[in-house]
Amino acid sequence: MKLATWNVNSLAVRLPQLLDWLAANPVDALVLQETKLTDDKFPTMEIGAAGYQVQWFGQKTYNGVALISKTPASAVVKNIPGFADEQARVIAGTVAGVRVVGGYFPNGQAPDSDKFQYKMGWLQALQDWLRQELQTHDKLVLMGDFNIAPEDRDVYDPVAWAGQIHCTPEERAHFQALLGLGLSDAFRLFEQPAKSWSWWDYRNLAFRKNQGLRIDHILVSAALKGAVKSCVIDKLPRKNERPSDHAPVLVEIEL
DNA sequence: ATGACTCACGATGTGAGA
C-alpha cells in the first residue's frame, strides 16, 4: 500500500500537476492540503476521471483538505471531533483497513501571536482525538503539512531558525507528544540524505540553493511500523513551472 | 532588510503563508 501527502497551495492552480503526479505515482491514498476551494468548486469530476475516489472539505481562500483514494474511504471525519474550528484542516477516513488522517496543521505565524495560541490548542485537540482513534484503529497513518520542523536536522539554518515559528520548543514538544502516542516518523525509519526538506520558500532561490524545512510528515502507528518499506520526499514536482512550495511525501507499507 | 515569491480576493493594493 502506498500513501502520500502533498500541500498543493491552491488546487485550482495545481490540478494539472496533481493529475500528472497521480498518473506517475498511482498511490492507494493521497491527502491534500491548502486546496483553497469551497466545496462547490472542488474538481470531483477530474479526479474521478483519473480513477480515484475523493472526499473533500474546504472553505474560501484558505486551508481546505482532501482525501483521494483508489477504494472508497469509510467513516469519514472532517475536522477534529469536539474541537470547534472554523478552519477546514482535517479529513480522515478508513481506506483498505487503514485509518488515514490528513491534516493541515496551523502555521502559527509567530510565537507571540494569537495564531500561535490557536496552533497550540489545535495540536492538543489533535493529540487527544488521536489517542482515542488509536484505541479503535490500530493501523493508523497521520500525515500532512505539520508546520513543525521536529529537529534541527530538519532545518537548513537551525541557528537562524532557533525559536522561530515551526522550530519553537512548544511546537516540537507537541510533535514528540504525537510520537508518545505510539506513532513513528516514517521518514526517520530509514537512512536519509542530509538536508532533506519538504518545503522551500518561493523567495531567494531557496529551492535552487536547497534551503528548506522538513515540515510535511507521515507518522505511522506501532501496528504498521514494522511494515513500512520506504518513505521518500518527491522533489520532482518542485521543479515544475509554477510549483507548489511543498513537495509530496510518500510511504510504502507492506500489508 | 519589516525585502525577495505566490496565492486569493478583487484591486491597481492587502493579508497570509512558512
Side-chain angles (χ1 to χ4, degrees), chain A residues 5-18 21 31-43 56-66 85-90 102-120 122-123 126 143-175 187 195-218 233 235 237-249:
Chain A
T5 176
W6 192 9
N7 180 326
V8 291
N9 184 17
S10 172
L11 187 54
V13 173
R14 235 66 70 185
L15 179 61
Q17 293 186 37
L18 170 68
W21 191 85
V31 290
L32 303 179
Q33 300 89 42
E34 288 207 80
T35 56
K36 299 186 179 180
L37 292 172
T38 49
D39 288 344
D40 57 305
K41 291 182 177 161
F42 196 87
W56 62 99
F57 178 42
Q59 65 180 93
K60 195 177 175 183
T61 311
Y62 301 116
N63 310 310
V65 287
D85 196 347
E86 293 182 358
Q87 305 184 24
R89 294 188 172 277
V90 172
Y104 175 47
F105 292 38
N107 175 291
Q109 199 165 61
D112 61 354
S113 66
D114 290 346
K115 289 175 182 173
F116 189 81
Q117 291 310 311
Y118 164 71
K119 184 175 193 172
M120 292 296 108
W122 190 97
L123 284 164
L126 177 73
M143 56 186 175
D145 176 0
F146 282 51
N147 274 319
I148 301 172
E151 301 176 46
D152 279 355
R153 63 175 165 164
D154 302 310
V155 182
Y156 74 96
D157 186 347
V159 173
W161 280 81
Q164 302 298 313
I165 196 65
H166 301 76
C167 302
T168 64
E170 293 93 335
E171 292 165 279
R172 287 178 169 178
H174 270 292
F175 189 88
F187 190 74
K195 305 184 190 302
S196 289
W197 325 123
S198 67
W199 170 86
W200 301 258
D201 202 308
Y202 281 124
R203 299 168 291 187
N204 309 326
L205 305 173
F207 183 70
R208 208 172 82 182
K209 295 189 278 190
N210 196 31
Q211 297 180 340
L213 307 174
R214 191 177 72 95
I215 52 177
D216 301 84
H217 306 296
I218 299 178
I233 297 167
K235 288 170 73 168
R238 192 63 176 76
K239 300 177 182 176
N240 288 342
E241 283 187 41
R242 292 189 85 187
S244 170
D245 43 355
H246 294 256
V249 186

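Throughout, protein chains are lettered first and strands after them, A, B, ... in sequence-line order, and every chain is numbered starting at 1.
- Between A:P158 and A:E151, the closest side-chain pair of non-hydrogen atoms is not below 4.5 Å.
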Check nucleotides 12-14 of chain B against the protein and report each pair of N or O atoms closer than 3.5 Å, with its distance, or say if there are none.
none

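- As judged by a 4.0 angstrom heavy-atom cut-off over every strand, A:N7 is placed among residues touching the sugar-phosphate backbone only.
- Using a 4.0 Å heavy-atom cutoff across all strands shown, A:I215 reaches sugar-phosphate atoms only and no base atom.
- Here A:H246 does not reach the OP1 or OP2 of B:dG17: none of its side-chain N or O atoms lies under 4.0 Å away.
- The phosphate of B:dT6 has neither OP1 nor OP2 within less than 4.0 Å of any side-chain N or O from A:S244.
- Residue A:Q59 contributes atom CD, which lies 11 Å from atom P of B:dC9 at whole-angstrom precision.
- Side chains of A:D145 and A:Q33: no donor on one and acceptor on the other come within 3.5 Å.
- Between A:K235 and A:F207, the closest side-chain pair of non-hydrogen atoms falls below 4.5 Å.
- For the OP1/OP2 pair of B:dA18 and a distance below 4.0 Å, the side-chain nitrogens and oxygens of A:N147 include at least one atom meeting the criterion.
- With P as the reference atom, B:dT12 and B:dA1 are 31 Å apart, rounded to whole Å.
- Atoms CZ (A:F207) and C1' (B:dA18) sit 17 Å apart, rounded to a whole Å.
- With no hydrogens or angles considered, a side-chain donor-acceptor pair links A:N9 and A:Y202 at under 3.5 Å.
- Between A:V13 and A:L213, the residue anchored nearer the 5' end of DNA chain B, judged by the nucleotide with its closest heavy atom, is A:V13.
- Put simply, CG on A:N240 is 14 Å from P on B:dT6, counting in whole angstrom units.
- Taking the P atoms as reference points, B:dT6 lies 22 Å from B:dG10, given to the whole Å.
- A:R14 has a side-chain polar atom (N or O) that falls below the 4.0 Å cut-off from OP1 or OP2 of B:dC7.
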field: Derivation of the side-chain contact (heavy atoms from CB on, under 4.5 Å) call for A:D39 and A:W56
entry: CA-CA 7 Å; A:D39 288 344; A:W56 62 99; 3.4 Å; yes
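- Among the nucleotides B:dT6, B:dA4, B:dA8, the one closest to the side chain of A:R203 is B:dA4.
- When atom types are taken as modelled, the side chain of A:K41 and the backbone of A:A12 share no donor-acceptor pair closer than 3.5 angstrom.
- Using a 4.0 Å cutoff on non-hydrogen atoms, the parts of residues 102-112 of chain A near DNA chain B are A:Y104, A:N107, A:Q109, ordered by number.
- Closest to the A:K36 side chain, of the nucleotides B:dA18, B:dA8, B:dC5, is B:dA8.
- For the residue pair A:W199 and A:D216, no side-chain donor N or O sits within less than 3.5 Å of a side-chain acceptor on the partner.
- Residues from residues 156-168 of chain A that place a heavy atom under 4.0 Å from any atom of DNA chain B, listed by number: A:H166.
- Taking atom CG of A:L11 as the reference point, atom C1' of B:dA8 lies 14 Å away to the nearest angstrom.
- At least one donor-acceptor pair under 3.5 Å links the side chain of A:W197 to the backbone N or O of A:N210.
- Going from atom CZ of A:R242 over to atom P of B:dC5 covers 15 Å, rounded to whole Å.
- In this structure, OH of A:Y62 is placed 9 Å from P of B:dG15, rounded to the nearest angstrom.
- Contact annotation for A:D145: backbone-only contact, meaning every heavy-atom pair under 4.0 Å involves sugar-phosphate atoms and none involves a base.
- In this structure, A:R172 pairs ionically with A:D152, as a charged nitrogen and a carboxylate oxygen lie closer than 4.0 Å.
- Across the P atoms, B:dT2 and B:dG13 are found 23 Å apart, a figure rounded to whole Å.
- Look at A:T61 and you'll find a side-chain N or O under 4.0 angstrom from OP1 or OP2 of B:dC9.
- Comparing A:W199 and A:P243 by the nucleotide of DNA chain B that holds the closest heavy atom to each, the one mapping nearer the 5' end is A:P243.
- Rounded to an integer number of Å, the gap from CG of A:D245 to P of B:dC7 is 9 Å.
- In this structure, A:N9 atom CG and B:dG15 atom P are separated by 19 Å, rounded to whole Å.
- Looking only at side-chain heavy atoms (C-beta outward), A:E34 and A:Y104 come within less than 4.5 Å of each other.
- In this structure, A:W122 contributes its side chain and A:F105 its backbone to no donor-acceptor pair below 3.5 Å.
- As rounded to the nearest Å, B:dA11 and B:dG15 have C1' atoms that lie 13 Å from one another.
- Side chain of A:K60, nearest nucleotide from B:dA18, B:dG10, B:dC7: B:dG10.
- In this structure the side chain of A:L123 reaches within 4.5 angstrom of the side chain of A:I148, judged on heavy atoms.
- In this structure, the side chain of A:S198 engages the main chain of A:I215 through a donor-acceptor pair within 3.5 Å.
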